[in-house]
Amino acid sequence: MFNNSQENGRAGQRCKVNKHLIIAGHIIGASLYQFRSQLLAWYEARARELPWRKNRDPYRVWLSEIMLQQTRVAAVVEHYHEFQRRFPDVKKLSAAREASVLAAWSGLGYYRRARMLHAAARIVAQKHGGKFPRTAQELRMLPGIGRYTAAAIASIAFGEPVAVVDGNVERVIQRITGNPLRGEKLWTEANGWLDRQRPGDFNQAMMELGAVVCTPRAPACLTCPVVHLCATRGELATGKKAAPRKKREAHYALNYRTNGRGCEVFLKRRSIQSSLMAGMWELPEIDDLSQVRSGGNAEPCLTVRHSITVTDYTVRVWRTSAPRSKGKWIPVEGLNNMALTGLARKILRKAGVIP
DNA sequence: AAGCCGGGGGA
DNA sequence: TCCCCAGGCTT
């Protein structure tokens, strides 16, 4: 297993050849100190300025971590400030109605996250006196907080020495070691690498490296602070299978009227039983296009593209004279506080109904 | 272990 | 057009 460490008899080569720092697929000894200090130095110098890095308030850290689950940083940044403005602390969040929490979440997707966030806020407020548990083990008990998120909050907000493993960390470790570690072995490896003096910074630095430098495709090895310690320099055996995407066309009705109460839009609420976007509000879907065409519409007033799970939709929006389905007239001023689906919000924006 | 949940932006 | 993202929960 150590056969690659002595292929050249000269000891002076030891630190020049990266493979010698990786033994049997693990980073070892002195190179680990190097790795930590160089990664942390890079992070201090180059880390992106993100809203949740302003301080270590556990509420802010928690909110960012929930939002960031399977969601890109850019999308989170767009929602983060407004969410903070509406719900400045865990107590305010716990006192809010679920509908208003969902409204602030609109467009982020995975709406169950918002419900679990709200439920967790109520538990923190009622059972923990408004203070967050300070250990990963206790945080894990809250809804919506799994192994990754518990470790992230505990390390970043409270300095507990626990490593995180997300998609970024997995990729970084696999590339550095050249070892396709997965599952429990990956978590063990990450914990071995962790800088126990600065666990929060270290964890964020690992994820930052994966997000900014050690990207899935075309990693920027030229700017990587630990490239000299890397066994693969960008190679990665991928075991991921790409889910095939379907294409579909969908039609929605835009009903818009002005009366004594001002401008109103006709919306309907998705079933609370629905697996997809349960309880969220949207425009009525049109099943039978012939009815709209016979109503005098030759062309849709709007066409948008929309991706949802594994389906890419081409969405046509039709102005219709009267709603044919059950639903509710909503004043446009109230739309900001409605739990709209991302698609509904997109359509209403493009149509100029909301800013 | 595998399936499910939203949405968007870059390559 | 395709791919992938600071995961958690259920079965």
Side-chain angles (χ1 to χ4, degrees), chain A residues 43 47-48 50-53 60-80 102 105-117 119-120 139-157 163-172 182-184 186-187 190 200 202-212 214-220 236 238-247 270 274-280 282 304-315 339-347 349:
Chain A
Y43 180 71
R48 292 168 293 180
L50 299 172
W52 47 91
R53 289 179 177 163
R60 296 173 62 92
V61 174
W62 170 57
L63 177 61
S64 72
E65 289 300 339
I66 301 297
M67 283 188 172
L68 285 163
Q69 290 168 3
Q70 297 293 295
T71 306
R72 295 188 178 278
V73 166
V76 172
V77 170
E78 287 178 19
H79 285 78
Y80 191 75
L102 285 169
W105 203 268
S106 171
L108 273 177
Y110 290 114
Y111 296 101
R112 201 171 49 146
R113 287 185 296 173
R115 294 192 166 91
M116 291 190 292
L117 183 88
L139 286 161
R140 190 75 200 271
M141 308 301 295
L142 294 169
I145 298 184
R147 187 170 183 179
Y148 161 80
T149 306
I153 300 170
S155 63
I156 297 170
V164 300
V165 173
D166 72 339
N168 290 311
V169 175
E170 176 174 343
R171 188 172 56 256
V172 168
R182 288 172 53 239
E184 196 55 43
L186 187 59
W187 284 88
F202 181 88
N203 282 334
Q204 291 190 85
M206 287 286 282
M207 294 189 281
E208 185 86 357
L209 188 70
V212 175
C214 197
T215 52
R217 291 170 301 187
L236 181 62
T238 59
K240 301 273 187 178
K241 60 233 168 194
R245 293 195 69 101
K246 302 168 199 159
K247 277 180 287 189
R270 296 176 63 85
S274 169
S275 64
L276 210 62
M277 297 170 282
M280 305 291 285
E282 61 184 357
V304 302
R305 293 195 302 113
H306 194 66
S307 299
I308 194 81
T309 60
V310 296
T311 309
D312 292 328
Y313 286 95
T314 301
V315 176
L340 301 175
T341 65
L343 175 57
R345 191 169 293 284
K346 187 195 284 186
I347 291 172
R349 265 209 265 266

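Because only heavy atoms are used, hydrogens play no part in the values below, and waters and symmetry mates are left out as well, while side chains stay in. In what follows, chains are A, B, ... by sequence order, proteins preceding strands, each numbered from 1.
Taking atom CG on L209(A) and atom P on dA6(C), their separation rounds to 12 Å, with Å as the unit. Protein atom CG of L68(A) is 15 Å distant from nucleotide atom C1' of dG6(B), rounded to whole Å. Atom CD of E78(A) is separated from atom P of dG6(B) by 19 Å (rounded to the nearest Å). For the pair E184(A) CD and dA1(B) C1', the interatomic distance rounds to 15 Å; values are reported in whole Å. A straight line from OH of Y110(A) to P of dG3(B) spans 15 Å, rounded to a whole angstrom.
To the nearest whole angstrom, the two P atoms, one in dG6(B) and one in dT11(C), are 16 Å apart. dT10(C) and dG7(B) have their C1' atoms separated by 22 Å, given to the nearest Å. Rounded to a whole angstrom, the distance from the P atom of dC4(B) to that of dA6(C) is 23 Å.
For the side chain to side chain donor-acceptor pair (under 3.5 Å) test, no residue two or more places apart in sequence or in another chain qualifies with S64(A).
Proximity of K346(A) to the phosphate of dG7(B): no side-chain N or O atom is located under 4.0 Å from OP1 or OP2. Within the 4.0 Å cut-off from OP1 or OP2 of dC5(C), at least one side-chain nitrogen or oxygen of R171(A) is found. In this structure, T71(A) does not reach the dC5(C) phosphate: none of its side-chain N or O atoms is under 4.0 Å from OP1 or OP2.
Residue-level contact check: W105(A) touches neither bases nor backbone, having no heavy atom under 4.0 Å from any strand. No engagement by M67(A) is indicated, since no non-hydrogen atom pair under 4.0 Å with the nucleic acid exists.
Side chain to side chain, T215(A) and R171(A) fail the donor-acceptor criterion of an N or O pair below 3.5 Å. Y148(A) and E65(A) form a side-chain donor-acceptor contact under 3.5 Å, judged by distance and modelled atom types alone. Side-chain contact, Q70(A) with R113(A): no donor N or O sits under 3.5 Å from an acceptor N or O.
Base pairing in DNA chain B yields stems of at least 3 consecutive Watson-Crick or G-U pairs, both distances under 3.5 Å, namely B:1-5 with C:7-11, B:7-11 with C:1-5.
Between the side chain of R305(A) and the backbone N or O of D312(A) there is no donor-acceptor pair closer than 3.5 Å. Distance alone, capped at 3.5 Å, places no donor-acceptor pair between the R270(A) side chain and the T341(A) backbone.
Looking at which nucleotide of DNA chain B each of R217(A) and A75(A) is closest to, the 5′-most match is held by A75(A).
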Protein-nucleotides 8-11 of chain C N/O pairs under 3.5 Å:
unit_1 : atom_1 : unit_2  : atom_2 : d
dG8(C) : OP1    : G146(A) : N      : 3.0
dG8(C) : OP1    : T149(A) : N      : 2.8
dG8(C) : OP1    : T149(A) : OG1    : 2.3
dG8(C) : OP2    : Y148(A) : N      : 3.3
dG8(C) : N2     : R112(A) : NH2    : 3.2
dC9(C) : OP1    : G144(A) : N      : 2.7
dC9(C) : O4'    : R112(A) : NH2    : 3.4

